[in-house]
Structures are given as C-alpha cells and as structure tokens.
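Shown next, in structure tokens, is the structure this report addresses.
Nothing fancy with the numbering, it's 1 onward along the sequence.
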Amino acid sequence: MKLKQRLQSPDAMLRALFACFTLACLIAAVIMPDRGDMLSGVGRICTQSGQTVKSYFDPSYGGFAGTFLNVALVCAVCLGIYCLPGAKPDGVSALAFFLTAGFCFWGTTILNIWFSFAGVALYCLVKKKSPGSQANAFLFSTGLAPLITEMLFRYPQADWHGFTVLGVVLALAVGVFIGFFLPAGLPHSPKMHKGYDLYSAAVPIGLTAFFLRALLYKVFLPEPPASVGVGLGDSFWAVCNVFCFVVFGLAVVGGLWLGGAKQYLPLVKDSGYNADYGAKYGSGSTLLNFGVYGLFIVLYYNLIGANWNAATLGCVFCMVCCFVKGSHPGNVWPIMAGYVIASFIAKFVCGLTGAEFSMAVNAQAIVIGLCFANGLSPVAGSYGWLIGILAGMMHYTLVTCVPLLHGAFCLYNGGFTAAFTCFLLIPVLEHFCHTKEERRQLKA
C-alpha cells in the first residue's frame, strides 16, 4: 500500500516508469537469440553513421541484442540524470525521456550523447545552475546526435575513418556549442508556435541544425555526404510487437491498479493544449494513457502495413512520449486520418500525371513523419477533428522536404515540421475560426 500511495505522486510514477522501461530493454537484450554479440553490436552502432534512419536490428549494425542494450544504457544514463538533486520529472521530462529512448533505435548511441551533455554541463557551470534543474535540456541536446557521430568519424573527409584526435575535438566543439546554447532557446520556443507543437524542443534544435549544416557543409565544405534511408526488406513483426504489447500491456495494468480508470474518460476528452495530465488527472490515468495510447499507435502501424524494423519500433516510443503533455487517442486519430487521406490523394494525382508515387502511408519516411505529426495534437483537440485532419495533411506534405534544411542531421525533423505547420496554420485559425471552447461559450 505504501508503494501505491507513493506512486500517486506524478514525479515518482514517472521515475518508476523510466526505471521499468530501462529494465524491459535490458531484459530484451539478454533474451534475444544474438545476445552473445550484444557488446560488439553496441560497438558497431556507436561507430557507424546515424545521419539518416538506419535499422539497427540489421546484423551489420547492432542486431537485436546490441540495439536493446544501447537503448537500456542510454535510458539508464537519462534515469540517473532525473535522479540528480533538483530534478523533478514532469510532462516535458516524460517527453524527453521516451523521445531519447525512441531515437536510441536509430541515431542516438551511448557514445554520441556525452559531447552535447558536456555543453549543457558547461552552461550549468557558467550560469551557476544545478545539473538536475537542466535535466530536460541534457536529454533534448541529443537531438543532433547524428551530427556528433559525423564529426567524430568522418568530417571533414568524405570517407569514414576511426577515432582521431581531430574527430574528438570537432565532436566536442560542436557538442558544446549545441548543449551550451540550447537551454536558452527552450523557454522561448513555445512563443513561436503558441504551444500548439508538443515537440517544442524541435524548434531550437532544428534551427541549430540549420545553422550548423550551413556552416560546416556550405561555408567550410561544398556539400554534406549523401544519405541512405532504411530499406523495406527487413521487418521483424514478432520482436517489435511482442515488446510493445508487454510494455504497454503492463502499463495498462499498472494504470488500473493505481485507479486510473476513474479519470481516463475526462483525459481523452481533454484538448491537450498546455496540458499536464499527471497534474490534472493523476498518476493512474496518465500511466493508463501511456498503455492505451501506445497500443493505439501499434494498432495503427499494423493496420497500414508498416515495416517493423528498429526505426519503426523507435517511432512508437517517439510518438507515445507525449502521453503526459497532450496526446491521447482522441486527439491523435484525426492527424492519422489526415496522413491516410493525403496519401490517397497524392496517389490519385500521381496516377493522373504519371509521376512516380513514393509517399505511401506505409513508406518508411511517412511512418516516421506521422510519429511526429502527433505533436499537433493540441490543434486537433482545440479546433476539432476536421482541423486535425487538415493539420495532418499539411504535415504529410512538408515532412520529407524539411530535411533539406538540416541535411538529415536533426533527429527532431518531424517535430520541426510540426512547428512549420503551426507557423502556417495557427495564424489563419486564430483569425477565421473559434476553438471548441470558444464555440461552447458563444452558445451559452
């Protein structure tokens, strides 16, 4: 009973959830059939390019055990940060933790996180702030982890090379630049999109990526290296789905045990705008939302026939990360519908024009894009399902174009795209439309 009472505190529940997820990834690594190769798998993950989406499940990368061990190690470090004095996990912390965890399936490694961490640590030293108070900034600084890997093992050469003194110096310089200035940008980001993009950290990270790409690959070098995406040949439905069913199923059980069923219906009716479900509806309902929303995402990816590689599995956790801060099945389904509708329209138009259709709703780039379109949940929740569908369609249109700005080095590309969607859509909505709450007040 003491444990149940303690977990009623949102920050205690989140720490427990972080710890349980870390343990789940460690157990998964240990029980995988290639567990004997897990350490060398982590080594291969750390020393190969993360510029674009790579399926770490491939034996030439981490394999199953190496991939899950990489996730577990990074999550253990993140959990340690949230246990520092002055750290109090909240909705933004949940977003940061599971976003980082999701990207450990592609792009973020136990090696490349330390360089940007050094920048945040320097910021804390200069500004005389406790590291615990900047816990979220530490995690968000990993949004440019692939660029750190490029600095460490390739830049300024075209060919991949091993560890060099120059590589370490360049990675540290870029990492410190990212981490030192990020805490200044994080509080200002919501002012740009007015709180309608849940992936708010994507704005300063995306703009930093835009600047560094221009500086490093336009001013100093003629162009960035060519990027290669994940092929559709590798799909591991059983591994990915069983892991998700276990994690989210246990979360549902835990949420019900904490009494979350009583407040879950009001939660799924919430607009998600400027929300923190833990503070508003309690730990039980929030944990229940993690489980139900996670299973909802898995169901969607199964229905569209997504390719279940490491990147897709990472997408599930990059998407569910908003379970405290504003997303739930009720305000995400319109965005999913927008993606599906936009895909069918694009296919129809391509058929008329004879152009090649490459943006099917289950294409890898679109699967990843949808996971961050969920950041527009407050738009759908505030203005209604029809506007949510429109927002999803706009995000679908933009998501494969935005990487041209940052050279595919920004892991938060979809969240950055959500911000652009807000820049275009929110002024128009505020000028011509009323929110659902405003419409209710007018009728009263």
(request) Look at the aromatic rings of Y82 and F18 and report parallel, tilted or perpendicular, splitting at 30° and 60°. (result)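 Rings of Y82 and F18: tilted, as their planes differ by 30° to 60°.
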(message) Angle between ring planes, H395 versus Y339, binned at 30° and 60°: parallel, tilted or perpendicular?
(response) tilted
(request) Please determine if R44 and D58 form a salt bridge, counting it only when a charged side-chain N lies under 4.0 Å from a carboxylate O. (result) no
(request) State plainly whether the residues D11 and R15 are in salt-bridge range, i.e. N to O under 4.0 Å. (result) yes
(message) For a quick check under 3.5 Å, do N309 and Y56 share a side-chain donor-acceptor pair by atom type?
(response) no
Kindly say whether [Y] contributes a backbone atom to a donor-acceptor pair with the side chain of [X] at under 3.5 angstrom?
{"X": "D34", "Y": "F64", "result": "yes"}
{"X": "N112", "Y": "G107", "result": "yes"}
{"X": "S343", "Y": "V340", "result": "no"}

(request) Can you spot which of F290, F98, F68, F248 makes a ring pair (Phe, Tyr, Trp, His ring centres under 6.0 Å) with F21? (result) F98
(request) Mark yes when over 12 heavy atoms from residues, nucleotides or ligands other than F210 sit less than 6.0 Å from its CZ; otherwise mark no. (result)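 For F210, atom CZ is not crowded (no more than 12 foreign heavy atoms under 6.0 Å).
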(request) Applying side-chain contact (heavy atoms from CB on, under 4.5 Å), name anything that partners P204, two or more places apart in sequence or on another chain. (result)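 With neighbours one apart ignored, the set is L182, L186, S189.
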(message) The criterion is ring-ring contact (aromatic ring centres under 6.0 Å, His included); which residues satisfy it with Y383, sequence neighbours excluded?
(response)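 ring-ring contact (aromatic ring centres under 6.0 Å, His included) check on Y383 returns nothing, list empty.
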(message) Would Y196 and L429 count as a side-chain contact (heavy atoms from CB on, under 4.5 Å) here? Give the steps.
(response) CA-CA 12 Å; Y196 284 100; L429 292 177; over 6 Å; no
